[in-house]
Colleague: 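Please read through the structure below; I'll follow up with questions.
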Amino acid sequence: MEEMSSRESALTAARRLLAFINASPSPFHVVNQCKQSLKQAGFVEVNEKESWTVKPNGRYFMTRNQSTIVAFSIGGRYKPGNGFSIIGSHTDSPCPRLKPVTRKTKDGYLCVGVEYYGGGIWSTWFDRDLTIAGRVVVREEDGGAVKLHSKLVYIEKPIMRIPHMAIHLQREMNEKFNPNRETEMVPVLAMAITEQLNSPSTFDSAPKPKDAQYDNQAQKHHPLLIKLLCDQLQCKAEDVLDFELYVCDTQPGVIGGALDEFIFCPRLDNQFNCFTSMEALINAGNLENDPNVRMITLYDNEEVGSQSAQGAGSSLTEQILRRLATGSENAVAFEESISRSLLVSADQVHGCHPNYAHKHEEDLKPSLNDGLIIKFNGNQRYATTAISAAVLREAGRRCNVRVGDVAVRNDSTCGSTIGPILSAKLGMRTVDTGVPQLSMHSVREMCGVQGVEMATRVYQSFFENMADIDSSIIED
């Protein structure tokens, strides 16, 4: 009976993750989903353009660029100079993104110009039923005043496809396949003749010469594409000022496997840790007795190096920590707080692949449903140290979840994430961790059902116990 209850609990957590990811086809939607959940849990939004009035036992969040969100709970015993218990993750995933001018016609097909964002396994995007999601900036009139309104959009039906070349015309495909992303991976939107016959436009649809000035932003794109956006946003084509749109797969994430032990889903890297860290922050108890600030930092642009105003490489984190650590009675409160803080850099882990087991370090092969895994790299691709690892292991022990290890082979390359960036920038102790998955950076990825609940429990234990664990550390 206990085993059945545990299984149902894990499945319930996995279904909640899937609902979150299926509603989050872009970083903007990730942040919007987080905002809704945080507000429902009693968190109050603060604006970085304004001064903050925050108090112990208060729960708050702020956003930047609609694609990065930071939420924090202030311990009841917090005072400037005390520590921060932080879990960091990222909201973005590799995918095609629409170019500033997308209007392309190729041999009778209406195509959409895209650029490829991040380091995706791009071959997996062929022959998928694709759509677009993101944000559109719309001009609106409000009592005679012009407003620029950034609105989220998600076309929830297949509208595009990147078709494969038939093997009959490319016999070497199974031996060598390296498509040119600029010319051979352009999504198809419609047939040109069909669009002309069935989609009358309310604005000038004639294509402009390449050196001509556009009368409005909508003319940079096929009228059919603009109509899809305007129909959902209930605006006119000429009021579309700009957009940031991502291509995404329309197939929803699901629980799978013969025994319902897997999750097959897009964007597990890294919406998995956005969701689980947020759940942990919301559900962590005993806030009134915590001397620390508990915080999650979910950044955009990790997949392209984090060097943006909304990325982990920006000054955003330090700015927020300084706001909270500043005290009139202690001029060095911020510096003291950094030494009392610890960052858990939560990003997914490469699980042992059954068909490529030789690619993994022989003694470090994490499996799916194998608990939370700490990442090590002596060349500082990860920022884990013995002490930061020990803190996370103790948090896992206190909630009865296994915390394992992973490192790459000496003859293998190693990825990286926000941990080393923030550790170096802030001088803060950091541990890199995550849950094992397969197919990382594919259009659809795969992890274990049990990992969702396991990660959430360890993260929650970290929030509840970090200050106590830190006080127990002795360094000779």
Colleague: Who passes ring-ring contact (aromatic ring centres under 6.0 Å, His included) against F20, sequence neighbours left out?
Modeller: F275
Colleague: Scan residues 33-62 for pairs that pass side-chain hydrogen bond (donor to acceptor under 3.5 Å, both in side chains), counting only residues two or more places apart or in two chains.
Modeller: E48-R64
Colleague: Using the side chain to side chain donor-acceptor pair (under 3.5 Å) criterion, which residues pair with S423? Sequence neighbours excluded.
Modeller: none
Colleague: Check the side chains of E302 and S306 for a donor-acceptor pair under 3.5 angstrom, ignoring hydrogens and angles.
Modeller: no
Colleague: For the residue pair N301 and Y117, confirm or rule out a side-chain donor-acceptor distance under 3.5 Å.
Modeller: yes
Colleague: Sequence neighbours left out, what passes ring-ring contact (aromatic ring centres under 6.0 Å, His included) with F28? Give chain and number order.
Modeller: Y246
Colleague: Which residues satisfy the side chain to side chain donor-acceptor pair (under 3.5 Å) test with S345, sequence neighbours excluded?
Modeller: D432
Colleague: Can you name the side chain to side chain donor-acceptor pair (under 3.5 Å) partners of D249, sequence neighbours left out?
Modeller: R128
Colleague: Examine the side chains of Y154 and T131 and answer whether a donor and an acceptor come within less than 3.5 Å of each other.
Modeller: no
Colleague: Scan P366, C447, S367 and name whichever one has a side-chain contact (heavy atoms from CB on, under 4.5 Å) with P436.
Modeller: P366
Colleague: Where the side chain of N369 meets the backbone of V449, is there a donor-acceptor pair that is under 3.5 Å apart?
Modeller: yes
Colleague: Determine yes or no for a side-chain-to-main-chain donor-acceptor pair under 3.5 angstrom, with R444 supplying the side chain and T124 the backbone.
Modeller: no
Colleague: Checking side-chain polar atoms at under 3.5 Å, does D347 have a donor or acceptor matched by the opposite partner on H90?
Modeller: yes
Colleague: Does T63 have any side chain to side chain donor-acceptor pair (under 3.5 Å) partners at least two apart in sequence or in another chain, and if so, which?
Modeller: none
Colleague: Tell me, please, which residues at least two apart from H353 pass ring-ring contact (aromatic ring centres under 6.0 Å, His included).
Modeller: Y356
Colleague: Can you list everything that forms a salt bridge (Lys or Arg N to Asp or Glu O under 4.0 Å) with R16? Sequence neighbours excluded, please.
Modeller: E279
Colleague: Could you name each residue pair satisfying salt bridge (Lys or Arg N to Asp or Glu O under 4.0 Å) that touches residues 150-159, not counting sequence neighbours?
Modeller: E140-K151
Colleague: Just grab all the salt bridge (Lys or Arg N to Asp or Glu O under 4.0 Å) pairs involving residues 417-428, residues at least two apart or on different chains.
Modeller: none
Colleague: So, N292 side chain and Y78 main chain: donor-acceptor pair closer than 3.5 Å or not?
Modeller: no
Colleague: Among residues two or more places apart or on two chains, list those pairs meeting salt bridge (Lys or Arg N to Asp or Glu O under 4.0 Å) that have a residue in residues 285-294.
Modeller: D290-R294
